[in-house]
Amino acid sequence: DATPMLPALMSSVQVLILAAICLAEVAESNSNNVGSLSRKIEYVPTPVGYRPKECVHEVPSGTEVQLNEHLGLTLKYPGSAEPVDISSCRQSIGVSLPEKKHSNITFPENYNGWLAYTAFHSSTSSGFSAFLGNFSVPNDPTRVPAVLYIFTGLQNKDWIPKVDPEQDAMGFDIIQPVLQYPCGSKKEWCVRSWYVTLDSQVAVSEPVQAPVGSSIFGNMTKIGAEEWYVGSTAMGKTTFIKIKSERLAKQDRKSG
């Protein structure tokens, strides 16, 4: 794959989410469809909460993603000379989840958020230039969650889902290599690479299986003034995307 050369140390993005970040989403087990909410919009889970299904795009590994000035996406698929333009997706940030009824599960209040996280803010003018890390795949959950995400991430704003006011999330983005369970309809762990915005589009790479006990590698490396490589590696196989956007000029917060 096109993994960039790895710097010896993290140096200069905006918010770093350190270690692993856990996010759980309320949804019917083994389903990516959380049903129709207000305005008949279908929502699906992402590592930063539910987003309209029309705003979330799974792409092949190696896809080049660009967020343009109109908040649309330009996708250049590997092996294709012609880019594909996707118009902006301006949907509301907040999502009021429908009542969920499970006979054997009690969900905590505001479950559509990060269960645990830690963050570090760069004080440098340029932010971070890379965030690399290995972490192991845990045992399968004893009960299948809706979706469980564990990840490291880099953000451009100091904002946490369900913790900070939603009005402060405008212009927010996060890049993140993510370990998730289940993997779609399969009761197994897998890794994917994500670029999530809350006021426009979401791009996510195709999954790679990650067996229990294996080690996975997350790689976020700045490869241009406004461009990042985001890769997730498991069992020697990498799924990655490259993202370009003015927002990515400075990622100065780590989260995880």
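Numbers here simply count residues along the sequence, with the first being 1. All figures in this text were calculated on a predicted structure; none of them were measured in a lab.
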dist Ile160:CD1 -> Asp168:CG (nearest 0.5 Å) comes out at 12.0 Å
What one should report as the nearest heavy-atom pair of Ala234 and Gln209 is CB-O, 3.6 Å
Non-hydrogen atoms of Asp199 and Leu71 that approach each other most closely: O-CD1, 4.0 Å
Mind checking side-chain hydrogen bond (donor to acceptor under 3.5 Å, both in side chains) for Thr74 and listing every partner two or more places apart, or none if nothing turns up? Asp85
Side chain to side chain contact (heavy atoms under 4.5 Å, CB included) against Asn134, all qualifying residues, sequence neighbours excluded: Ser215, Phe217
Side chain to side chain, Gln201 and Val196, heavy atoms closer than 4.5 Å: no
Judged by atom type as modelled, is there a donor-acceptor pair below 3.5 Å linking the side chain of Thr63 to the main-chain atoms of Tyr77? no
Considering only heavy atoms from C-beta outward, does the side chain of Arg143 approach that of Pro141 to under 4.5 Å? no
Are His57 and Leu73 packed together at the side-chain level, in the sense that at least one heavy-atom pair is separated by less than 4.5 angstrom? yes
List for me each residue that meets side-chain hydrogen bond (donor to acceptor under 3.5 Å, both in side chains) alongside Trp194, sequence neighbours excluded, and say none if there are none. none
Drop me the distance from Thr152's OG1 to Gln176's CD, to the nearest 0.5 angstrom. 8.5 Å
Side-chain touch Phe240/Val208, heavy atoms, less than 4.5 angstrom: no
Identify the heavy atoms of Val191 and Ala210 that sit nearest to each other, and give their distance. CG1-CB, 4.3 Å
Suppose the criterion is disulfide bond (SG atoms under 2.5 Å apart): which pairs have a residue in residues 138-207, not counting sequence neighbours? Cys183-Cys190
Applying disulfide bond (SG atoms under 2.5 Å apart) as the test, list every pair that has at least one member in residues 114-172; sequence neighbours left out. none
Checking Ile174 against Leu154 for the side-chain contact (heavy atoms from CB on, under 4.5 Å) test, could you report, in this order, the C-alpha distance in whole Å, the side-chain angles of both residues, the deciding distance, and whether it holds? CA-CA 6 Å; Ile174 184 170; Leu154 288 169; 5.9 Å; no
Find out whether Phe135 and Ile216 are in side-chain contact, i.e. whether some heavy atom of one side chain is under 4.5 Å from a heavy atom of the other. yes
State which residues pass side chain to side chain contact (heavy atoms under 4.5 Å, CB included) with Lys76; sequence neighbours excluded, sorted by chain then number. Glu64
Do Trp228 side-chain atoms and Leu248 backbone N/O form a donor-acceptor pair below 3.5 Å? yes
Is it true that the side chains of Ser232 and Ser193 contain a donor and an acceptor less than 3.5 Å apart? yes
Look at the side chain of Gln155 and the backbone N and O of Lys157, then say whether any donor-acceptor pair between them is shorter than 3.5 Å. yes
Heavy atoms of Ser61 and Pro78 approach each other most closely as O-CG, 3.4 Å
May I ask whether Val212 and Tyr181 are part of the same hydrophobic cluster, defined by side-chain heavy atoms of I, L, V, M, F, W, Y residues being less than 4.5 angstrom apart, directly or through others? yes
Assess, by modelled atom type and distance only, whether the side chains of Tyr195 and Asp173 contain a donor and an acceptor separated by less than 3.5 Å. yes
I want to check something: taking the side chain as every heavy atom from C-beta on, are Arg192 and Glu206 in contact at a cut-off of under 4.5 Å? no
Can you list everything that forms a side-chain hydrogen bond (donor to acceptor under 3.5 Å, both in side chains) with Thr239? Sequence neighbours excluded, please. Ser205
Go through the steps for Trp189 and Asn139 under the test side-chain contact (heavy atoms from CB on, under 4.5 Å), then give the verdict. CA-CA 9 Å; Trp189 293 95; Asn139 292 331; over 6 Å; no
How would you list, by chain and number, every residue that makes a side chain to side chain contact (heavy atoms under 4.5 Å, CB included) with Glu226, sequence neighbours excluded? Glu246, Ala249
May I have the step-by-step check of side-chain contact (heavy atoms from CB on, under 4.5 Å) for Ile243 and Gln66, ending in yes or no? CA-CA 6 Å; Ile243 311 104; Gln66 183 169 359; over 6 Å; no
Backbone N/O of Ser200 and side chain of Thr197: donor-acceptor pair under 3.5 Å: yes
Can you list every disulfide bond (SG atoms under 2.5 Å apart) pair that touches residues 143-180, not counting sequence neighbours? none
Run the side-chain hydrogen bond (donor to acceptor under 3.5 Å, both in side chains) test against Asp164 and tell me which residues pass, sequence neighbours left out. none
Find out whether Glu227 and Lys242 are in side-chain contact, i.e. whether some heavy atom of one side chain is under 4.5 Å from a heavy atom of the other. yes
Side chain Glu82, main chain Val84, donor-acceptor under 3.5 Å: no
Over all heavy atoms of both residues, which pair between Arg51 and Cys89 is shortest? Give the atoms and the distance, please. NH2-O, 4.4 Å
Any side-chain heavy atom of Trp159 sitting closer than 4.5 Å to one from Val48? yes
Listed once per pair and sorted, the disulfide bond (SG atoms under 2.5 Å apart) pairs that draw on residues 193-247, sequence neighbours left out: none
If I take atom OH from residue Tyr229 and atom CD1 from residue Ile241, how far apart are they, to the nearest 0.5 angstrom? 10.5 Å
Is Glu42 salt-bridged to Lys53, cutoff N-O under 4.0 Å? yes
Closest heavy-atom pair, Val204 versus Val56, reported as atoms and distance to 0.1 Å, is CG1-CG1, 4.5 Å
Mind checking what makes salt bridge (Lys or Arg N to Asp or Glu O under 4.0 Å) contact with Glu188, not counting sequence neighbours? none
